[in-house]
Amino acid sequence: MTRRVLVTGANGFVGQALCAALAAAGYDVRMAVRARQPGAMAVGDIGPATDWRAALVGMGAVVHLAARTHVLRETAADPLAEYRRINVSGTEHLARSAAAQGVRRFVFLSSVKVNGESTTARPFTEDDAPRPGDAYGASKLEAEQVLARVAAATGLEVAVLRPPLVYGPGVKGNFLRLMQLVARGTPLPLGAIRNRRSLIYVGNLADAIVAAIRAPRAAGATYLVADGEDVSTPDLVRRLAQVLDVTARLPAFPLAALDLIAAVAGKRAELARLAGSLQVDGSRIRRELRWQPRYTLAQGLAETARWYHAQSRA
């Protein structure tokens with residue numbers, strides 16, 4: 001396989017880590033981004049009409065990271081239709097364009113949200129029936145399904161990775177907000193929570209994507225991928241406090257009281273993510289691709305804290 005790889009969403013959180021990992025592994029990386037920036041190729045908005053021809057010339061593999069993710073303040077009249085336009089139709093168009101240009105391997109970054117929003121008795125596996133609980137998860141499932149059809153029709157080798165929450169230097173969203181609260185010493189009434197959640201450090205995810213590009217066995221496969229060390233929300237807060245060099249403040253409020261407060265505040269979905277379990281069984285990718293995460297949870301959190309302190313001082 002050629003060593004030339006096109007990465008969409010290359011300037012994003014995962015994209016930056018992946019491009020660095022690919023370069024370190026000896027790949028020639030072409031970065032595709034929405035707007036013009038030095039060292040990258042601007043392709044504009046991603047959708048069913050994006051012109052990929054110039055970006056795909058000479059590429060042996062494509063890693064498709066760019067997507068419409070969770071929107072905090074939704075403005076689309078039909079959010080599901082907009083998710084489908086970008087995440088489903090846009091992905092199908094890129095895959096068909098790649099096949100037409102002779103690209104061999106297509107790695108798609110999906111999400112554990114294809115499996116569902118929470119686990120109870122056991123972790124999710126790749127064999128579980130998909131049960132997406134929101135428009136984003138539904139669009140990722142539909143993208144996986146359309147990629148399977150493109151692969152069957154064209155011979156394009158498609159590999160799919162479904163990560164849980166990704167953290168690391170440059171993280172945004174809920175994980176960054178949690179770090180900010182812990183760093184400020186804000187009391188978090190989460191001490192009574194007894195859940196288990198899987199995470200993946202961005203450097204581990206980048207390495208797993210490299211393995212999916214490289215390994216012949218990854219063609220046609222779907223893999224759940226995680227650090228391999230699940231934690232409760234209170235334990236995560238304690239670990240963050242340790243690497244941030246602050247004291248964890250975790251009063252133990254009864255879950256019923258938290259649920260009532262969250263309901264009044266319109267934050268039940270946020271509480272569900274903090275209090276519920278979401279575990280994945282990442283043994284298949286380790287077994288089949290002989291992949292192992294290079295960073296432990298402790299190392300990943302330490303790297304994230306170093307970045308947080310550096311950007312806070314900047």
Answer yes or no: is there an ion pair linking [X] with [Y], defined by an N-O contact shorter than 4.0 Å?
X      : Y      : value
Asp128 : Arg122 : yes
Asp28  : Arg4   : yes
Asp134 : Lys113 : yes
Glu144 : Arg162 : yes

Would Val210 and Trp291 count as a side-chain contact (heavy atoms from CB on, under 4.5 Å) if you check the C-alpha gap in whole Å, the side-chain angles of each, and the deciding distance to 0.1 Å?
CA-CA 10 Å; Val210 173; Trp291 173 80; over 6 Å; no

Within the supplied structure, the quantity of interest is the number of heavy atoms (other residues, nucleotides, ligands) at a distance under 6.0 Å from [X] [atom1]; does it exceed 12?
X      : atom1 : result
Arg286 : CZ    : yes
Phe253 : CZ    : no
Arg53  : CZ    : no
Glu126 : CD    : yes

Looking at [atom1] of [X] and [atom2] of [Y], how far apart are the two atoms once the value is rounded to the nearest 0.5 Å?
X      : Y      : atom1 : atom2 : value
Glu157 : Phe106 : CD    : CZ    : 13.0 Å
Asn115 : Leu278 : CG    : CG    : 8.5 Å
Ser232 : Arg196 : OG    : CZ    : 6.0 Å
Thr222 : Ile285 : OG1   : CD1   : 10.5 Å
Glu82  : Arg68  : CD    : CZ    : 5.0 Å
Glu142 : Asn87  : CD    : CG    : 9.5 Å

Quick one: do Asp281 and Ser283 satisfy side chain to side chain donor-acceptor pair (under 3.5 Å)? Show the steps, please.
CA-CA 6 Å; Asp281 179 351; Ser283 61; 2.7 Å; yes

With the 4.5 Å side-chain cut-off for hydrophobic clustering, are [X] and [Y] part of the same group?
X      : Y      : value
Leu240 : Val246 : yes
Val231 : Phe124 : no
Leu224 : Leu297 : no
Val112 : Leu65  : no
Leu255 : Leu271 : yes

Are [X] and [Y] side-chain neighbours, meaning at least one heavy-atom pair lies under 4.5 Å?
X      : Y      : value
Leu274 : Asn174 : no
Leu181 : Leu188 : yes
His64  : Leu94  : yes
Thr304 : Phe175 : yes
Leu161 : Phe108 : no
Leu109 : Leu205 : yes
Val5   : Val63  : yes
Thr186 : Arg249 : no

What's the verdict on side-chain contact (heavy atoms from CB on, under 4.5 Å) for Val280 and Thr119, showing C-alpha distance, side-chain angles and the deciding distance?
CA-CA 9 Å; Val280 305; Thr119 53; over 6 Å; no

Start with the C-alpha gap between Gln242 and Leu301, add the side-chain angles, then the distance that decides, and say whether side-chain contact (heavy atoms from CB on, under 4.5 Å) holds.
CA-CA 10 Å; Gln242 182 178 19; Leu301 292 177; over 6 Å; no

Does the [X] side chain pair with the main chain of [Y], one donor and one acceptor, at a distance under 3.5 Å?
X      : Y      : value
Thr8   : Ala66  : yes
Arg217 : Ala212 : no
His93  : Thr50  : yes
Arg184 : Met179 : no
Gln311 : Tyr308 : yes

Quick one: closest heavy-atom pair of [X] and [Y], and the distance?
X      : Y      : result
Pro169 : Val202 : CD-CG1, 4.3 Å
Met31  : Cys19  : CG-SG, 3.7 Å
Ala95  : Val150 : CB-CG1, 4.0 Å
Arg3   : Ala25  : NH2-O, 2.6 Å
Ala226 : Pro164 : CB-CG, 4.2 Å
Arg85  : Ser89  : O-CB, 3.5 Å

Would you please classify the geometry between the Tyr201 ring and the Tyr167 ring as parallel, tilted or perpendicular, with 30° and 60° separating the classes?
tilted

Between Thr233 and Asn195: side-chain donor-acceptor atoms closer than 3.5 Å
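There is such a pair (donor and acceptor under 3.5 Å, judged by atom type) between the side chains of Thr233 and Asn195.
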
Check step by step if side chain to side chain donor-acceptor pair (under 3.5 Å) holds for Gln16 and Asn11.
CA-CA 5 Å; Gln16 292 181 63; Asn11 57 349; over 6 Å; no

Given the rule in the side-chain contact (heavy atoms from CB on, under 4.5 Å) test, do Tyr136 and Leu80 qualify, once you have shown the distances and angles that lead to the verdict?
CA-CA 8 Å; Tyr136 172 71; Leu80 180 56; over 6 Å; no

Pair Asp230-Arg197, salt bridge (Lys or Arg N to Asp or Glu O under 4.0 Å): steps then yes or no:
CA-CA 5 Å; Asp230 298 344; Arg197 296 192 74 87; over 6 Å; no

Give me the other members of the hydrophobic cluster that Leu141 sits in, counting Ile, Leu, Val, Met, Phe, Trp and Tyr linked by side-chain heavy atoms under 4.5 Å, directly or via other members.
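Once heavy-atom contacts under 4.5 Å are chained together, Leu141 belongs with Val114.
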
Relative to Tyr223, does Arg284 satisfy both conditions: NZ or CZ under 6.0 angstrom from the six-membered ring centre, and within 45 degrees of the ring's axis?
no

Residues that Glu270 engages under side-chain contact (heavy atoms from CB on, under 4.5 Å), provided they are two or more places apart
Lys267, Arg273

Between Asp227 and Asn204, is the side chain to side chain donor-acceptor pair (under 3.5 Å) condition met? List the steps.
CA-CA 7 Å; Asp227 285 343; Asn204 288 336; 2.7 Å; yes

